[in-house]
There are 2 protein chains.
Amino acid sequence: MAVSPQDPGGGVARAEKLRAAGLKATAPRLTILEALETDRRHPSAEMIFESLIDKSPSLSLSTVYQTLETFLQRGLLRRIAGAGGKLRVDGTLQDHDHAVCRTCGAVFDVDPDLIKRPRPPASLPHGLQVKNLFVEYEVLCSDCASDE
Amino acid sequence: MAVSPQDPGGGVARAEKLRAAGLKATAPRLTILEALETDRRHPSAEMIFESLIDKSPSLSLSTVYQTLETFLQRGLLRRIAGAGGKLRVDGTLQDHDHAVCRTCGAVFDVDPDLIKRPRPPASLPHGLQVKNLFVEYEVLCSDCASDE
DNA sequence: TTAGTAAATAGGAATTATTCGCATTTAGAA
DNA sequence: TTCTAAATGCGAATAATTCCTATTTACTAA
Ligand SMILES: [Mn+2]
Ligand SMILES: [Mn+2]
Ligand SMILES: [Zn+2]
Ligand SMILES: [Zn+2]
């Protein structure tokens, strides 16, 4: 993560991050992790694949899917419900919310301090254990606002 | 909606509801609307189709999809992002939140008064017009909590 | 170093969810 | 009743994701 003179590009740090999560530091995982750290689009699996295929011609889309799933399970990543329900991911683990354009599905980051977020109860009726509370804004982005 | 002695089953009221929304009161729409009023599962298109196919053997799945889309556009319905992002719908327009089991995808209603919901700003940076604010609980349901 | 081994990958096939195209039917208007 | 735009049913098409499995690879421990 931190880029030092001894580790240009942060590759060693990434490898350690993977091992710390109990994962082998393989080439596909390292490239995907790097993409996640730099890609601010809240990309889909396909978007990640497309962004890497030139540099890593042997990468396969199904590896991207698998890797994202693995990363999600290890908490290296969070999933966003993009418009239409397709998988979008966010490599930024810092606390923040999302705004999704109801028309084009674009995802925007929202400062979490913009609203005072409610503190969720630890459990709900029917024995539901609360793991997380999400706040999502349904918005109309400026592009989509024009033609409507 | 109201079931009177003059309208057993509420069929006439439903037909009026459709016409009031500018839609033809067709047989598929009437059955789907009824299903939506009574099905508390937050069903998918397929679930609705399955629940109706015996009573309406000529109903087609693509009509269910189309009808849901139409109802969504007219505000007769709301869409929920079920687990994995598949389409789930909620015929209950009353204000309430949802809890989605991270493991099995089951959807539960949550009393909106459980937390004090933040009031969203009318707009966000980048010219985003806020249309709606959703609060969603990510939970572990009691079934899924046992085997984990 | 050098095997040995379990884990991970590539690539294609399969599955699932959803959408599309179009010929036929139908609700509601006239 | 007749007419017509709108809605439906059906199958084909597409898109997203998952599955299968032979091959490769990262780490282990000798
Ligand atoms: Mn984000
Ligand atoms: Mn509900
Ligand atoms: Zn937009
Ligand atoms: Zn569950």
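Lettering of chains follows the sequences in order, A, B, ..., and the numbering in each one begins at 1.
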S.K.: Using a cutoff of under 3.5 Å, can you pull out all pairs of nitrogen or oxygen atoms linking the protein to nucleotides 20-24 of chain D, with atom names and distances?
M.R.:
none

S.K.: What distance separates B:His126 NE2 from A:Cys141 SG, expressed to the nearest 0.5 Å?
M.R.: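 These two atoms lie 11.5 Å from each other.
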
S.K.: Expressed as a whole number of angstroms, how long is the span from A:Lys86:NZ to D:dT14:C1'?
M.R.: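 About 10 Å, once rounded to whole Å.
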
S.K.: Rounded to the nearest angstrom, tell me the gap between atom CD in A:Gln73 and atom C1' in C:dA8.
M.R.: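 Those two atoms, CD and C1', are 15 Å apart.
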
S.K.: In degrees, rounded to 10°, what is the bend between the two ends of the helix from C:dT1-D:dA30 to C:dA30-D:dT1, using five pairs at each?
M.R.: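 End-to-end axis angle for the helix from C:dT1-D:dA30 to C:dA30-D:dT1: 30°, rounded to 10°.
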
S.K.: Taking CG from A:Leu18 and P from C:dA7, how many angstroms apart are they, rounded to a whole number?
M.R.: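 Going from A:Leu18 (CG) to C:dA7 (P), I get 17 Å.
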
S.K.: Determine, step by step, whether A:Phe108 and B:Leu128 satisfy the side-chain contact (heavy atoms from CB on, under 4.5 Å) criterion, reporting the C-alpha distance in whole Å, the side-chain angles of both residues, the deciding distance to 0.1 Å, and the verdict.
M.R.: CA-CA 9 Å; A:Phe108 305 85; B:Leu128 304 176; 3.7 Å; yes

S.K.: Tell me, please, which residues at least two apart from A:Arg40 pass salt bridge (Lys or Arg N to Asp or Glu O under 4.0 Å).
M.R.: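 None.
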
S.K.: For A:Val12, enumerate each residue passing the side-chain contact (heavy atoms from CB on, under 4.5 Å) test, keeping only those at least two apart in sequence or located in another chain.
M.R.: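 For A:Val12, the residues satisfying side-chain contact (heavy atoms from CB on, under 4.5 Å) (neighbours in sequence not counted) are A:Asp7, A:Glu16.
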
S.K.: With sequence neighbours left out, which residue pairs that include part of residues 105-116 of chain B fulfil the side-chain hydrogen bond (donor to acceptor under 3.5 Å, both in side chains) condition?
M.R.: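 Checked against side-chain hydrogen bond (donor to acceptor under 3.5 Å, both in side chains) - neighbours excluded - the pairs reaching residues 105-116 of chain B are B:His42-B:Asp109, B:His96-B:Asp109, B:His98-B:Asp109.
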
S.K.: Protein-nucleotides 27-30 of chain C N/O pairs closer than 3.5 Å?
M.R.:
unit_1	atom_1	unit_2	atom_2	d
C:dA27	N3	B:Lys24	NZ	3.3
C:dG28	OP1	B:Arg19	NE	2.8
C:dG28	OP1	B:Ala25	N	3.0
C:dG28	OP2	B:Arg19	NH2	3.4

S.K.: Identify, with sequence neighbours excluded, every residue that meets side chain to side chain donor-acceptor pair (under 3.5 Å) alongside B:Arg19.
M.R.: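 Side chain to side chain donor-acceptor pair (under 3.5 Å) list for B:Arg19, sorted by chain: empty.
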
S.K.: State whether the side chain of A:Thr67 and the backbone N or O of A:Thr63 hold a donor-acceptor pair below 3.5 Å, judged by distance alone.
M.R.: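 Yes, the answer is positive, given that a donor and an acceptor are paired below the 3.5 Å cut-off.
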
S.K.: Enumerate the residue pairs fulfilling side-chain hydrogen bond (donor to acceptor under 3.5 Å, both in side chains) with a member in residues 25-36 of chain A, sequence neighbours excluded, ordered by first and then second residue.
M.R.: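 Not a single pair qualifies under side-chain hydrogen bond (donor to acceptor under 3.5 Å, both in side chains).
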
S.K.: Could you state the atom-to-atom distance from CZ of B:Arg88 to P of C:dA17 in whole Å?
M.R.: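 My rounded result for the distance is 11 Å.
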
S.K.: With respect to the phosphate group of D:dT17, does any side-chain polar atom (N or O) of A:Tyr65 fall under 4.0 Å of OP1 or OP2?
M.R.: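 The answer is yes; a side-chain N or O of A:Tyr65 sits under 4.0 Å from OP1 or OP2.
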
S.K.: Just the rounded figure in Å: distance from P of C:dA17 to CG of B:Leu68.
M.R.: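 Spelled out: CG on B:Leu68 to P on C:dA17 is 15 Å.
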
S.K.: Whole-Å distance between C:dT18 P and B:Ile48 CD1?
M.R.: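 These atoms are roughly 11 Å apart.
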
S.K.: Roughly, in whole Å, what's the span from CD in B:Glu46 to C1' in C:dT16?
M.R.: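 The answer, rounded to whole Å, is 10 Å.
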
S.K.: Check whether any side-chain nitrogen or oxygen of A:Thr63 sits under 4.0 Å from OP1 or OP2 of C:dA10, and answer yes or no.
M.R.: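 Result: yes.
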
S.K.: Please list residues of residues 50-59 of chain A whose heavy atoms come under 4.0 Å from any atom in DNA chain C, ordered by number; otherwise none.
M.R.: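 Heavy-atom contacts with DNA chain C come from A:Ser58, A:Leu59.
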
S.K.: Taking only residues two or more places apart in sequence, or in another chain, which ones meet B:Arg117 in a salt bridge (Lys or Arg N to Asp or Glu O under 4.0 Å)?
M.R.: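 Residues passing salt bridge (Lys or Arg N to Asp or Glu O under 4.0 Å) with B:Arg117: B:Asp95, B:Asp97.
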
S.K.: Partners of A:Ser62 by side-chain contact (heavy atoms from CB on, under 4.5 Å), sequence neighbours excluded?
M.R.: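 In terms of side-chain contact (heavy atoms from CB on, under 4.5 Å), with neighbours along the sequence ignored, A:Ser62 is linked to A:Ser60.
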
S.K.: Given the rule in the side-chain contact (heavy atoms from CB on, under 4.5 Å) test, do B:Lys17 and B:Glu37 qualify, once you have shown the distances and angles that lead to the verdict?
M.R.: CA-CA 12 Å; B:Lys17 189 173 174 180; B:Glu37 285 169 1; 3.7 Å; yes

S.K.: Hey, what do you get for CG (A:Leu59) to CG (A:Asp54), rounding to the nearest 0.5 Å?
M.R.: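 Nearest 0.5 Å value for the CG-CG distance: 11.0 Å.
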
S.K.: If you round to the nearest 0.5 Å, how far is SG of B:Cys101 from CG of B:Leu140?
M.R.: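 Reported to 0.5 Å precision, the distance equals 5.5 Å.
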
S.K.: Rounded off to whole Å, could you give me the CD-to-C1' distance for the A:Glu69 and D:dA16 pair?
M.R.: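 To the nearest whole Å, that distance equals 14 Å.
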
S.K.: Could you list the donor-acceptor pairs under 3.5 angstrom formed by side chains in residues 68-75 of chain A, with sequence neighbours left out?
M.R.:
unit_1	atom_1	unit_2	atom_2	d
A:Glu69	OE2	A:Gln73	NE2	3.1
A:Thr70	OG1	A:Gln66	O	2.9
A:Arg74	NH1	A:Ala21	O	2.8

